[in-house]
Amino acid sequence: MRRYDPQAIASYYRSRPWKVIWRAITVIWYLSSFILGLKWDEWTNQGEKQRQKRATQLQNILTNLGPTFIKVGQALSTRPDLIRKDFLDELIKLQDQLPSFDSAIAYRIIERELDKTVEELFAQITPQPVAAASLGQVYQAYLHSGEKVAVKVQRPNLKPVLTLDLFLMRWGAKAVGPWLPLNLGHDLGLIVDEFGTKLFEEVDYLNEGRNAEKFATNFSGNPTVKVPSIFWRYSSNTVLTLEWIEGYKLNDIPTMQGAGIDTQALIEVGVTTGLQQLLEFGFFHADPHPGNLFGMADGRMAYIDFGMMDQLDETTKENLVEAIVHLINKDYVELAEQFVKLGFLTPETDIWPIVPALEAVLGDILGQSVRDFNFKTITDRFSELMYEYPFRVPAKFALIIRSLVTQEGLALTMDPNFKIVDVAYPYVARRLLAGESPQLRRRLIDVLFKDGKFQWSRLENLIAIARSDTNFDIIPTAELGLRYLLSEEGAFLRRQILLALVEDDKLHTEEVRRLWNLIKEDIHPNRIFDAAWGALADFSREGAAALLPSMPTGIPFFEEK
């Protein structure tokens, strides 16, 4: 079976109930023994003394239960805000310190898949794996042509284990779903199916190679990102040969700092590239734990393991950008409407009873400052709403949420004081202000207008936050904005801005001055003139003149006092 097929899997295991029953007993036995152990420690006041023992026990249980449960442990290993430190230290071992299988078996798999002996394929290969993960293990090798490579070999008989666990998870989701509130139980089966689909894609190494090349193409112009090259002649569905990466795991802070790597800059690279994956390219790494991300001596971040990836359509990307802005701006009606567009609420849902609940639960999410925002708080507060209102998590968003909280958890591991919004919101503001696509320009208009009125304060807020990033230069953005205003597509925005200026005979220079004051501190007026002239130069005299008749005369723009 190449692709995940829940019906075929269910049909297979219904006729083999003894396998299902035995696996279910095994899972229940392991997990219940751990829970009873914790309770016994609590009853006998041995909790502190047994902490390390229980942490090691949990790591061993997840390892013994196999790949599916190891994946759960890997996700938890990136959440220092959820898991206590002793458990965290043990779960981190699940990233690449798992028991390996016999190298003789691995070599046989390589020879069978590539139809050559190991000696014919490689000038040198390590006798033992350098790392072992949930789905495979990695050897360091040299090709006869001299390239240093990593050879990834899949564990034998992997799919039977995965299919049985997925069948049990799907059965459990259906069994538990009716006992949960409708909105919580609604998509549990679909979420399991989404996970199963991605897991099957992850065990297809040729698919992983294609994903790596697509990811590399997306970041080809980014000098801070490294993606290993794929050696296709030495790869198959269960063997993948790729460029060897020299780097440090992102949670090994002392070693990176000792090597002179700027860990704060690396955090920013990780968050920014994560946002680019979600909001620009729509093709994102859904498993960004420290075993898959490395800091390099030259300051670059290296991504590896492209088995678990997902794709977002253009509309979803734009709706995500807009939802973040509405959340920060505390526009709860618009935020509720975005939840409908994103699938968290059905189209027939009456949003008006939900709006006050959103404000009550999310209203203080920013605390005293936008810097207090974090995705962990969002998910915790959102889970409260799901018990009382018809929210549900679309299956597509299960991986998005996991990716976001994993990246944030990794950043918190590197810097406990890190605030993701310091990087995330300036990025979102820049994306909206630049408006590289017609869709994003329309989203900006949606954000800047409320009840048909232009919201100067929102524009001020976006510019101010975008400028909090020292790399943001407002001139290219201003030039893009001018080009847009002078275009046919910008006619609506031209009219709305003019209406905002002249409404109720209150045409004054104050509104213009407010925006000018935002930028004049660090931008020479000549740069503004050059940007405007550059924008006008792209249009004919007739095109520029189309704007001028609608402009009121005698407005003293940028009056200095």
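Here the structure is a predicted model, which means the values were calculated and not measured.
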- Message: Checking side-chain polar atoms at under 3.5 Å, does T63 have a donor or acceptor matched by the opposite partner on N60?
- Response: no

- Between N292 and Y303, does any side-chain donor sit less than 3.5 Å from a side-chain acceptor? no

- Thinking salt bridges, do E314 and K317 make one under a 4.0 Å N-O criterion? yes

- Y30 ring center near F34 ring center (under 6.0 Å): no

- Query: Are the charged groups of K198 and E201 less than 4.0 angstrom apart, N to O?
  - Reply: yes

- Message: Hydrogens and angles aside, do Q128 and T126 bring a side-chain donor and acceptor to less than 3.5 Å of each other?
- Response: no

- Message: Check this for me, if you would: do K226 and E243 make a salt bridge, where the nitrogen-to-carboxylate-oxygen distance has to be below 4.0 angstrom?
- Response: yes

- Check whether the ring centres of F122 and Y139 lie less than 6.0 Å apart, and answer yes or no. no

- Task: Identify the residue among T272, I267, V225, L250 that makes a side chain to side chain contact (heavy atoms under 4.5 Å, CB included) with M301.
- Result: L250

- Message: Can you tell whether the side chains of E246 and K148 come within less than 4.0 Å, N to carboxylate O?
- Response: yes

- For W29, look at atom CH2 and say whether over 12 heavy atoms of other residues, nucleotides or ligands are found less than 6.0 Å away. no

- Task: Have a look at E111 and tell me which of V239, L121, V118 forms a side chain to side chain contact (heavy atoms under 4.5 Å, CB included) with it.
- Result: V118

- Message: Strictly below 4.0 Å, N to O, side chains only: are D305 and K152 in salt-bridge contact?
- Response: yes

- Query: What do you reckon, are the aromatic ring centroids of F306 and H285 less than 6.0 Å apart?
  - Reply: yes

